[in-house]
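This chain uses plain numbering: 1 for the first residue, then up along the sequence.
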Amino acid sequence: MTVFEKITLSKAINASLRASMEADPKVLVMGEDVGKLGGVFRVTDGLQKDFGEDRVIDTPLAESGIVGTAIGLALRGYRPVVEIQFDGFVFPAYDQIVTQLAKMHARALGKVKVPVVIRIPYAGGIGAVEHHSESPEALFAHVAGLKCVSPSNSSDAYWMLQQAIAGDDPVIYFEPKRRYHDKSRLDTEAIPYPLHKARVAQPGSDLTLAAYGPMVKVCLDVAKVAAEEGKSVEVVDLRSLSPIDFDTVQESVVKTGRLVVVHEAPVFLGTGAELAARITERCFYHLEAPVLRVGGFHAPYPPSRLEDEYLPGLDRVLDAVDRALAY
């Protein structure tokens, strides 16, 4: 048994890719600078050296071509894992993803499987320039035929990626890049949690905070501060954005009577809107307050010196908690 008491999220992803490639020779890694450089965040560091250039492939700077090639490889029996170098670079490949990758299985009446995983480092908080701090998850979660997940810690990063690679459906795997260097515990022999099931990260009784990816840590910090003020906040890590595990959130809200949904993406038509609508339908007679949402503003992501004003932080989430508890 291998237990890492402290391992970064990025190294957990590297270990996950390595485990998947060792288990199945049909697993390939491909993308811009993933080979010799090891990726711009060094997430794929050492993989090309250990598995060779035929399995860890440095591609041209052509996202549409990368995804299109991955689709063809999947149709030939391979399991490509594509890296999109930054979130804002995915849009040249959007056509391939939504019109081909997402629809191939249905188009073939179930006779064709397209097991492609697309890794996207997403969201802000790293002081980057334009096109490097986007949160496009709702654009993909809206597309039937795609599964979308986002880990918030090293253990989930390790297991969820392997589960995505082993499955036969296309998966968009959103990696919270500002959490790459956060460390947490990983047991590589543990029984993995179901890929599309939410997890209660912090039990509570007065209010539910639902979040995913980079915002889970913020919500856990909020729960600590709220506890010092005598408020018991439950934090639910959604983990999966398509499908969403509404049952776990519902179970929490039935207990607490209040829900605040937090994500870094803009609030307008974000994933929080779907969650708020569904929970309002399911828990109408249990709710003690309207479902509130906290997220980014409906504006282009700002220059890095202003991103702290844009990103939902401790104070903005605490304010929503106070407003919900005031009802």
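Closest approach of P192 and Q163 over heavy atoms only: CB-NE2, 3.7 Å. When every heavy atom of T208 is checked against every heavy atom of S252, the shortest pair comes out as OG1-OG, 2.6 Å.
Counting non-hydrogen atoms of neighbouring residues, nucleotides and ligands closer than 6.0 angstrom, the NZ atom of K113 reaches no more than 12 such neighbours. Surrounding NE2 of H142 are at most 12 heavy atoms belonging to other residues, nucleotides or ligands under 6.0 Å away. Around CD of E307, the count of heavy atoms belonging to other residues, nucleotides or ligands within 6.0 Å exceeds 12. No more than 12 heavy atoms of other residues, nucleotides or ligands lie within 6.0 Å of CD in E53, so this atom counts as exposed by the packing criterion. The environment of Y180 atom OH is dense: over 12 non-hydrogen atoms of other residues, nucleotides or ligands sit within 6.0 angstrom. With a 6.0 Å radius and a threshold of 12 heavy atoms from other residues, nucleotides or ligands, E22 has its CD atom above the threshold. Within 6.0 Å of atom NZ in K255, more than 12 heavy atoms from other residues, nucleotides or ligands are found, so the atom counts as buried in its surroundings.
Note: F86 and F41 meet the aromatic proximity criterion, with ring centroids under 6.0 Å apart. In this structure, the ring of F89 has its center less than 6.0 angstrom from the ring center of H132.
Within the cation-pi definition used here (under 6.0 Å to the ring centroid, within 45° of the axis), R239 does not qualify as a partner of Y212.
A salt bridge is absent between E309 and R316; no separation between the charged side-chain nitrogens and carboxylate oxygens falls under 4.0 Å.
I172 is connected to Y94 through a chain of hydrophobic side-chain contacts under 4.5 Å among Ile, Leu, Val, Met, Phe, Trp and Tyr, so both are in one cluster.
One finds the CD atom of E264 at 7.5 Å from the OH atom of Y310 (value rounded to the nearest 0.5 Å).
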